[in-house]
Protein chains: 2
Amino acid sequence: MYDISHILYIYSLFIMRTSKDILNCKYCVYRNLLFGELDDKEYEIINNARTEYVFKRGEVIKKEGERINSFLYMRKGLVKLYKTDRRGKDQILSINKPGDFINLLNIFSNAAYKYSIAALEETLVCDVRLDAFIDVVKNNSDFALSVLNRISKISDETIERRFSLAQKQIKGRVANILLFLAEDVYRKNKFRLPVTRREVGELVSMTTENIIRTFSEFRKDGIIDLDGKVITILDFKRLKNIDKTG
Amino acid sequence: MYDISHILYIYSLFIMRTSKDILNCKYCVYRNLLFGELDDKEYEIINNARTEYVFKRGEVIKKEGERINSFLYMRKGLVKLYKTDRRGKDQILSINKPGDFINLLNIFSNAAYKYSIAALEETLVCDVRLDAFIDVVKNNSDFALSVLNRISKISDETIERRFSLAQKQIKGRVANILLFLAEDVYRKNKFRLPVTRREVGELVSMTTENIIRTFSEFRKDGIIDLDGKVITILDFKRLKNIDKTG
DNA sequence: AATGATGTATGATATATCTCATATTTTATA
DNA sequence: TATAAAATATGAGATATATCATACATCATT
C-alpha cells in the first residue's frame with residue numbers, strides 16, 4: 001500500500017517545513033528518485049536550470065499548444081491533464097500526482113504541449129530548462145535509461161487506464177476512479193474529492209448527471225458515504241468487484 | 001501523404017527481393033531509421049543478437065504475460081496488440097504497422113508483455129536480444145535519446161487514439177478506423193480490410209452487429225463501397241467530418 | 001463437393017446513457 | 001452580507017447501443 005515514492009512524498013513535506021535548502025536539489029527528496037544517476041557536476045547543471053513554482057487550486061500550469069521548453073515535475077499537489085474542444089468542452093486525460101512527471105509524455109516527441117495542465121490542489125512544481133535536461137541526458141546514458149524507464153512506465157499506466165475504461169460501463173468507471181483516488185492518490189478510505197462531478201464525467205466520458213446518479217446509487221447501496229465533496233469508501237470489496245466486472 | 005518511413009518500407013520490399021544480405025542489418029533499410037546513431041561495432045552487437053521471423057496471417061507472435069527478453073520491430077506486415085479476458089473475449093489496443101516498434105511500449109517498464117501480439121497479414125519481425133539492445137543503449141546516449149524520442153512518439157499516438165475514441169459515438173469510431181486504414185496503413189482509398197467486423201468492434205469497443213450496421217449505413221449514404229472485405233472510400237470529406245464531429 | 005464453423009447482414013426488443021427540465025445547495029464575487 | 005454563478009440532485013422522456021433471433025454467405029477442412 002505504501003510505496004517508496006509515497007514515503008518520500010511524506011518525508012518531503014516534513015523537510016519542506018524544516019529546511020531552507022529546499023531550493024537546492026541537493027536536499028530534495030526527489031533527488032534519488034529522479035536524479036540518482038547524476039554526479040555532482042551534472043546535478044549542478046540541473047539545479048542551475050531549475051525554478052520552483054507554486055500553483056493554487058484551479059490555476060492553469062500549461063496550456064495545450066504552448067511550446068515545451070522545460071522539464072516539469074511535481075513535488076506536491078495534484079493536477080489534471082486535459083483538452084478543450086472548439087465548443088469549450090473539456091475532456092480530461094488523466095489525474096496526476098507527485099512522482100508522475102507532468103509533461104514527460106510529450107517532452108521528447110513533441111515541440112508543444114498536447115494537453116493543458118491545471119492544478120487541482122495547491123501544487124509545487126519544479127521546472128528544469130529543457131536544454132539543460134537534454135544535455136545531461138545526452139551525456140549520461142544511465143540517466144537516459146532511467147528516464148526511459150519512467151517515461152515508459154507512466155505512458156503504460158495512462159494507456160492501460162484509458163484502455164480498461166473503454167470496456168467498462170458507467171458504474172465500473174465510477175468505481176475505478178474512486179478506487180484510484182482512495183488507493184493511489186490519498187491512500188485513505190475517506191478523502192475530499194479534488195474535482196467536481198462534471199470533471200469526473202470529463203475524465204470517464206460520461207455526463208455529469210450520470211456521475212451524480214451513480215454516486216447516489218453507491219451511497220444508497222452502502223458502498224460509499226457522501227458528504228458534499230467528502231467521500232468515504234465503506235465497502236472496498238464490492239467497489240473492486242464493480243470495477244472489475246462493470 | 002508519403003512520409004520517409006513509407007518510402008523506406010516500399011524500398012525494403014524491393015531490397016528483399018533482390019538481395020541475399022537481408023539477414024545482415026548493414027543492408028537493412030531500417031538501419032538509418034532505427035540504428036543510425038550506432039557505430040560499426042555497436043551495430044555488430046545488435047546484428048549478432050538478431051533473428052528474423054516470418055509470421056503468417058493469424059499467427060500469435062507474443063502472448064500477454066510472456067517474459068520480454070527481446071526488442072521486436074516489424075519490417076513488413078501488420079499486427080494487432082490485444083488482451084483476452086477471463087471469458088475469452090478479446091479487446092484490441094491498437095493495430096500497428098512497420099515503423100512502429102512492436103513491443104516498445106512495455107520493454108522498459110515491464111518484465112512481461114501486457115498485450116498479446118498477432119499478425120493480421122504476413123509479417124516480418126526482427127528480434128534483437130534485450131541484453132544486447134540495452135547494452136548498446138547504456139553505452140550510447142545519442143541512441144538512448146533517439147529511442148526515447150520514438151518510444152515517446154508511439155506512446156503518444158496510442159494515448160491520443162484511445163483518448164479521442166472515448167468521446168466519439170459509433171459512427172465517429174468507425175469513420176476513424178476507416179481513415180486510419182486508408183491514410184496511415186494502406187495509403188489507398190481501396191483496400192482489403194485486414195480484420196473481421198468483430199475485430200473492428202474489439203478495437204473501438206462496440207458490438208459486431210453495430211459495426212456491420214454502420215458499414216451498411218456508410219454504404220447506403222455513398223460514403224464507402226463494400227465488397228466483402230474490400231472497402232473503397234468514396235467520400236473522404238464526409239468521412240473526415242464524421243470522424244471529427246461524431 | 002460436402003460439411004461445419006465462422007463471418008456478414010438485418011430486424012425486433014431490451015437496456016444504458018443522454019438530454020432537458022427543475023429544485024436545491026454550495027461557492028465565488030461584488 | 002447579498003447576489004449571481006456554479007455545483008449537486010432527481011425525474012421524465014429521447015436516443016444510442018446492446019442483445020437476441022434468424023438467415024445467408026464465405027472459408028477451411030475432409
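Residue numbers begin at 1 in each chain, while the letters A, B, ... track the order of the sequences.
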Does a side-chain heavy-atom distance below 4.5 Å link A:D100 with A:K97?
yes
Side chains of B:S152 and B:E157: closer than 4.5 Å at any heavy-atom pair?
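When only atoms from C-beta onward are counted, B:E157 and B:S152 do not touch, as no gap falls below 4.5 Å.
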Sole candidate of B:V125, B:I154, B:N96 that passes side-chain contact (heavy atoms from CB on, under 4.5 Å) when paired with B:I102
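When B:V125, B:I154, B:N96 are each tested with B:I102, the side-chain contact (heavy atoms from CB on, under 4.5 Å) holds only for B:V125.
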Within residues 217-229 of chain A, which residues have any heavy atom lying less than 4.0 Å from an atom of DNA chain C?
none
When you measure from every atom of DNA chain C, which of residues 197-204 of chain B have a heavy atom less than 4.0 Å away?
B:R197, B:R198
Can you give me every donor-acceptor pair (side chain of residues 230-242 of chain A, partner residue at least two apart or in another chain, under 3.5 Å) with its distance?
from	atom 1	to	atom 2	distance (Å)
A:D235	OD1	A:K237	N	3.3
A:D235	OD1	A:R238	N	3.0
A:D235	OD2	A:R238	NE	3.0
A:R238	NH1	A:D221	O	3.1
A:R238	NH2	A:D221	O	2.8
A:K240	NZ	A:E183	OE2	3.0

With a 4.0 Å cut-off on N to O distance, would you call B:R50 and B:E52 a salt bridge?
yes
Counterpart residues, side-chain hydrogen bond (donor to acceptor under 3.5 Å, both in side chains), relative to B:T207 (two or more places apart):
B:N210
What is the separation between atom [atom1] on [X] and atom [atom2] on [N], rounded to the nearest whole Å?
{"X": "B:I211", "N": "C:dT8", "atom1": "CD1", "atom2": "C1'", "answer": "13 Å"}
{"X": "B:M206", "N": "C:dT17", "atom1": "CE", "atom2": "C1'", "answer": "12 Å"}
{"X": "B:D90", "N": "C:dT6", "atom1": "CG", "atom2": "P", "answer": "14 Å"}
{"X": "A:I212", "N": "C:dC18", "atom1": "CD1", "atom2": "P", "answer": "13 Å"}

Using a 4.0 Å heavy-atom cut-off across all strands, classify B:S216 as base, sugar-phosphate, or nothing.
sugar-phosphate
What do the steps show when you test A:L179 against A:I177 for side-chain contact (heavy atoms from CB on, under 4.5 Å), and what is the final call?
CA-CA 5 Å; A:L179 287 168; A:I177 188 183; over 6 Å; no
When every nucleotide of nucleotides 19-30 of chain D is labelled 5' to 3' by its protein contacts under 4.0 Å (heavy atoms), B for base, S for sugar-phosphate only, - for none, what sequence of letters results?
BB----------
Kindly assign one of parallel, tilted or perpendicular to the pair B:F71 and B:F101, based on the angle between their ring planes and the thresholds 30° and 60°.
perpendicular
Do we see a donor-acceptor contact under 3.5 Å between the side chains of B:S70 and B:D127?
yes
When the side chains of residues 53-68 of chain A are checked against the rest of the protein, which donor-acceptor pairs come out under 3.5 Å, sequence neighbours left out?
from	atom 1	to	atom 2	distance (Å)
A:E59	OE1	A:K56	N	2.5
A:E64	OE2	A:T84	N	2.9
A:E66	OE1	A:K63	N	3.1

Over the length of the helix from C:dA1-D:dT30 to C:dA30-D:dT1, how much do the five-pair end axes diverge, rounded to 10 degrees?
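Comparing the axis at each end, I get an angle of 60°.
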Give me the residues of residues 164-177 of chain B where at least one heavy atom lies under 4.0 Å from an atom of DNA chain D, by number, or none.
B:Q169, B:I170
Listing request: all side chain to side chain donor-acceptor pair (under 3.5 Å) pairs with a residue in residues 171-180 of chain A, at least two apart in sequence or in separate chains.
A:R161-A:N176, A:K171-A:E217, A:N176-A:D243
Enumerate the residue pairs fulfilling ring pair (Phe, Tyr, Trp, His ring centres under 6.0 Å) with a member in residues 203-227 of chain A, sequence neighbours excluded, ordered by first and then second residue.
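As it turns out, there is no ring pair (Phe, Tyr, Trp, His ring centres under 6.0 Å) pair with a partner in residues 203-227 of chain A once direct neighbours are skipped.
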Decide side-chain contact (heavy atoms from CB on, under 4.5 Å) for A:I159 and B:F163; before the verdict, give the C-alpha distance in whole Å, the side-chain angles of both, and the deciding distance to 0.1 Å.
CA-CA 9 Å; A:I159 290 170; B:F163 185 55; over 6 Å; no
Would you please name every residue forming a side-chain contact (heavy atoms from CB on, under 4.5 Å) with B:E160, sequence neighbours left out?
A:K83, A:K114, A:Y115
Excluding sequence neighbours, so at least two apart, what forms salt bridge (Lys or Arg N to Asp or Glu O under 4.0 Å) with B:E209?
none
